[in-house]
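Below is one structure; the comments refer to it alone.
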Amino acid sequence: MLFAFVCKDKPGHLNVRMETRPAHVEHLNKLNAEGTLKIAGPFLDADGKPNGSLVVVSAETIEAAKAIADADPYTKAGLFESVEIKPFNWVFNNPEA
């Protein structure tokens, strides 16, 4: 099953995002190599600066998806104000469909 993580950065935490980005990218590369990661990228503010994230993963349960979200270096660094985890049905342009 797919799960979408809709993550909102804490205001004024762009420096945390940038400092933690290498570890975050390494984490996503590992998930990608395992076949767990489906989509990932930042949300942007009006100035084009990252202010959140969208990550879609494959997991057996919402608890497993939450464990993946909790293991993200951005989460561990306290970047996010909120993380919403939602079951996701990828209907259009799904390369695996």
Side-chain angles (χ1 to χ4, degrees):
M1 176 171 229
L2 297 179
F3 294 91
F5 307 159
V6 180
C7 311
K8 181 178 179 182
D9 291 4
K10 291 177 182 171
H13 277 63
L14 182 58
N15 63 317
V16 174
R17 175 177 279 274
M18 300 318 291
E19 291 166 5
T20 312
R21 188 173 187 280
H24 169 73
V25 170
E26 183 179 324
H27 173 73
L28 293 181
N29 280 332
K30 180 177 177 282
L31 292 176
N32 195 45
E34 295 169 355
T36 301
L37 181 66
K38 301 302 176 188
I39 301 170
F43 292 114
L44 304 175
D45 66 14
D47 296 323
K49 301 244 187 317
N51 66 351
S53 298
L54 172 65
V55 178
V56 178
V57 300
S58 177
E60 291 295 317
T61 64
I62 197 162
E63 292 81 13
K66 183 174 179 352
I68 294 168
D70 289 346
D72 190 306
Y74 280 169
T75 302
K76 290 180 176 184
L79 173 62
F80 299 129
E81 179 176 274
S82 64
V83 176
E84 192 172 359
I85 301 174
K86 298 179 165 198
F88 180 71
N89 183 18
W90 190 353
V91 176
F92 290 95
N93 299 322
N94 181 343
E96 297 175 10

Side-chain donor/acceptor of [X] to backbone N/O of [Y], under 3.5 Å:
| X | Y | answer |
| --- | --- | --- |
| Thr75 | Ala71 | no |
| Asp47 | Lys49 | no |
| His13 | Pro11 | yes |

Cluster overlap [X] with [Y], hydrophobic side-chain contacts below 4.5 Å:
| X | Y | value |
| --- | --- | --- |
| Leu37 | Phe3 | yes |
| Val25 | Leu31 | no |
| Val56 | Phe5 | no |
| Leu28 | Leu54 | no |

Measuring from [X]:[atom1] to [Y]:[atom2], what's the distance to the nearest 0.5 Å?
| X | Y | atom1 | atom2 | answer |
| --- | --- | --- | --- | --- |
| Leu79 | Ser53 | CG | OG | 7.0 Å |
| Glu84 | Cys7 | CD | SG | 10.0 Å |
| Asn29 | His24 | CG | NE2 | 9.5 Å |

Do [X] and [Y] come close enough that some side-chain heavy atom pair is under 4.5 Å?
| X | Y | result |
| --- | --- | --- |
| Leu14 | Pro50 | yes |
| Thr36 | Ile68 | yes |
| Pro95 | Trp90 | yes |
| Ile85 | Ile62 | yes |

message: How close do Ala64 and Ala59 get, counting heavy atoms only, and between which atoms?
response: CB-CB, 4.1 Å

query: Looking only at heavy atoms, what is the nearest atom pair of Thr20 and Ala77, with distance?
result: OG1-CB, 3.7 Å

query: If you count the non-hydrogen atoms of other residues, nucleotides and ligands that lie under 6.0 Å from CD in Glu34, is the total more than 12?
result: yes

- prompt: Counting only heavy atoms not in Lys86, do more than 12 sit closer than 6.0 Å to its NZ atom?
  reply: no

task: Name the orientation class of the two ring planes belonging to Phe80 and Tyr74 (parallel below 30°, tilted from 30 to 60°, perpendicular beyond 60°).
output: perpendicular

Considering only NZ, NE, NH1 and NH2 on the basic side and carboxylate oxygens on the acidic side, decide whether [X] and [Y] come within less than 4.0 Å.
| X | Y | answer |
| --- | --- | --- |
| Lys30 | Glu26 | no |
| Lys76 | Asp72 | no |
| Lys38 | Glu96 | yes |

- prompt: With Asp9, which residues qualify under side-chain hydrogen bond (donor to acceptor under 3.5 Å, both in side chains), at least two apart?
  reply: Arg17

